[in-house]
K.L.:
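First the structure, which I've put down as structure tokens, then a few questions once you've had a look.
Computation of the quantities below employed the complete heavy-atom set of this structure, encompassing side-chain atoms and omitting hydrogens, waters and symmetry-equivalent molecules.
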Amino acid sequence: MIKGKAYSLDPDIPMGTLFGIVFRRATCLMRCILRGIAFHPRKWIFVNAGVELRNRSRIKFGSGVTLGKCVLIDGLSREGVVIGNGVNIGPYTVIEASGIITNMGKGIRIGDQSGIGGFSFIGGAGGVDIGSNVIMGQWTSFHPENHVFDNIDIPIRLQGVTRQGIVVGDDCWVGAKVTFLDGTRVGHGCVIAAGAVVRGEIPPYSIVAGVPARVIRSRLDKPAV
């Protein structure tokens, strides 16, 4: 009910395991209530141990969100962090809307029913917009900012940055250890192979792999007979 979708349990799951899952979920809901994250059942979220929320006033949650163990979310940014309904954020993931306080980032939006694998990183300096029903493997990272390095007489850290932002369309499958660089635009329904480093425009329904990533075929192509 809380996550907004029906579950059909595997008949082979032992009853003891099922009770354990229910107990852990109930504990996560209790943390949500005790920490004052949400007060209405339609907005309750599952909060695991060690979750840290910074600048909470700039973080907006949908219903049925799951925050894995030791997730860190910092909402400090111009547009904040918006997390849609039913989103699952894996353990030890960092969502950081601004890297530095001298130049606030744009912000981060994650669409409904999307999932982020554990140990991932999403930076929001130039803005990150992740669509709905996007699934991601572990150690995925987003870096919507680049350092300027044109002048060899000035330290790179003092030359400023450029920001274009990153967009991932709806219904994409992103493999483990994929890196998204600033300026990336991934179309609807794409598949990104594990370990790819992605930058630039990726057409809808593309299958992408490599370093740097390139389109290897389209999902719209009919398989050879």
K.L.:
Consider only side-chain heavy atoms of I, L, V, M, F, W and Y, link residues closer than 4.5 Å, and tell whether Val51 and Ile45 are in one cluster.
P.N.:
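Yes, Val51 connects to Ile45 through the hydrophobic network.
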K.L.:
Decide if atom CZ of Arg185 counts as having more than 12 heavy atoms of other residues, nucleotides or ligands within a radius under 6.0 Å.
P.N.:
yes
K.L.:
Quick one: list whatever passes side chain to side chain contact (heavy atoms under 4.5 Å, CB included) with Leu76, sequence neighbours left out.
P.N.:
Asn55, Arg58, Asp74, Ile101, Met104
K.L.:
Distance from Thr93 atom OG1 to Lys69 atom NZ, nearest 0.5 Å?
P.N.:
13.5 Å
K.L.:
Does any part of the side chain of Val186, heavy atoms only, come nearer than 4.5 Å to the side chain of Cys172, both counted from C-beta?
P.N.:
yes
K.L.:
Indicate if Val211 and Leu181 have the same hydrophobic cluster label, given that clusters are the connected sets of ILVMFWY residues with side-chain heavy-atom separations under 4.5 angstrom.
P.N.:
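In one cluster: yes.
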K.L.:
For Tyr205 and Cys190, work out which heavy atoms get closest and say how close.
P.N.:
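Residues Tyr205 and Cys190, closest heavy atoms: N-SG, 3.7 Å.
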K.L.:
Do Asn85 and Val65 come close enough that some side-chain heavy atom pair is under 4.5 Å?
P.N.:
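Asn85 vs Val65: side chains apart.
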K.L.:
So which pairs with a foot in residues 186-198 pass side-chain hydrogen bond (donor to acceptor under 3.5 Å, both in side chains), sequence neighbours left out?
P.N.:
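Matches after skipping sequence neighbours: none remain.
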K.L.:
Minimum heavy-atom separation for Gly111 to Arg109, with atom names?
P.N.:
CA-NH1, 3.6 Å
K.L.:
Is there a side-chain contact between Ile83 and Ile89, using heavy atoms and a 4.5 Å cut-off?
P.N.:
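Counting from C-beta outward, Ile83 and Ile89 do come under 4.5 Å.
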K.L.:
Atom CH2 of Trp173 and atom CZ of Arg219: how far apart are they, to the nearest 0.5 Å?
P.N.:
10.0 Å
K.L.:
Is Thr184 reaching over with its side chain to a backbone N or O of Val198, donor-acceptor style, under 3.5 angstrom?
P.N.:
yes
K.L.:
Could you go through Arg78 and Lys106, starting from their C-alpha distance and side-chain angles, then the distance that decides it, and tell me whether this counts as side chain to side chain contact (heavy atoms under 4.5 Å, CB included)?
P.N.:
CA-CA 5 Å; Arg78 291 179 172 81; Lys106 181 179 180 182; 5.6 Å; no
K.L.:
Do Val178 and Val167 land in one hydrophobic cluster if side-chain heavy atoms of ILVMFWY residues count as linked below 4.5 Å?
P.N.:
no
K.L.:
Got a sec, which pairs hit salt bridge (Lys or Arg N to Asp or Glu O under 4.0 Å) with one end in residues 111-122, sequence neighbours left out?
P.N.:
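Found none.
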K.L.:
At their closest point, which heavy atom of Gly90 faces which heavy atom of Val71, and how far apart are they?
P.N.:
O-CG2, 3.2 Å
K.L.:
Are the side chains of Phe180 and Val174 in touch, meaning some heavy atoms are under 4.5 Å apart?
P.N.:
yes
K.L.:
Between Val82 and Ile116, is there shared hydrophobic-cluster membership here, with clusters defined by ILVMFWY side-chain heavy atoms closer than 4.5 Å?
P.N.:
no
K.L.:
Specify the closest pair of heavy atoms between Gly165 and Pro144, including all atoms of both residues, with the distance to one decimal.
P.N.:
CA-CB, 4.0 Å
K.L.:
Are any non-hydrogen side-chain atoms of Arg214 and Ile216 less than 4.5 angstrom apart?
P.N.:
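Yes, their side chains come closer than 4.5 Å.
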K.L.:
Could you check if a side-chain atom of Val134 sits within less than 4.5 angstrom of a side-chain atom of Gln113, using non-hydrogen atoms only?
P.N.:
no
K.L.:
Nearest 0.5 angstrom please: Ile202 CD1 to Ile207 CD1, how far?
P.N.:
12.5 Å
K.L.:
Quick check: closest heavy atoms across Ser77 and Ser98, and the distance to 0.1 Å?
P.N.:
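Scanning both residues, the minimum pair turns out to be CA-OG, 3.7 Å.
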K.L.:
State, yes or no, whether a side-chain contact exists between Ile108 and Phe142 at a heavy-atom distance under 4.5 Å.
P.N.:
no
K.L.:
Please name the pair of heavy atoms, one in Asp182 and one in Arg199, separated by the smallest distance, quoted to 0.1 Å.
P.N.:
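Taking Asp182 first and Arg199 second, the nearest heavy atoms are O-NE, 3.5 Å.
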K.L.:
Any donor-acceptor pair under 3.5 Å linking the side chain of Asn133 with the backbone of Asp170?
P.N.:
no
K.L.:
Anything under 3.5 Å between a donor and an acceptor, one on a side chain of residues 146-158, the other on a protein residue two or more places apart or in another chain? List them.
P.N.:
{"from": "Asn151", "atom 1": "OD1", "to": "Asp153", "atom 2": "N", "distance (Å)": "2.8"}

K.L.:
Do Ser206 and Ser218 come close enough that some side-chain heavy atom pair is under 4.5 Å?
P.N.:
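Result no, sub-4.5 Å side-chain heavy-atom pair not found.
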K.L.:
Kindly work out whether a path of hydrophobic side-chain contacts (I/L/V/M/F/W/Y, heavy atoms less than 4.5 Å apart) joins Leu53 to Val87.
P.N.:
yes
K.L.:
Between side-chain atoms of residues 118-125 and protein atoms elsewhere (two or more places apart, or another chain), which donor-acceptor pairs fall under 3.5 Å?
P.N.:
{"from": "Ser120", "atom 1": "OG", "to": "Gly117", "atom 2": "O", "distance (Å)": "2.8"}
{"from": "Ser120", "atom 1": "OG", "to": "Thr140", "atom 2": "N", "distance (Å)": "3.1"}
{"from": "Ser120", "atom 1": "OG", "to": "Thr140", "atom 2": "O", "distance (Å)": "3.4"}

K.L.:
Please enumerate all residues that pass side chain to side chain contact (heavy atoms under 4.5 Å, CB included) together with Glu52, with sequence neighbours excluded.
P.N.:
Arg54, Leu72
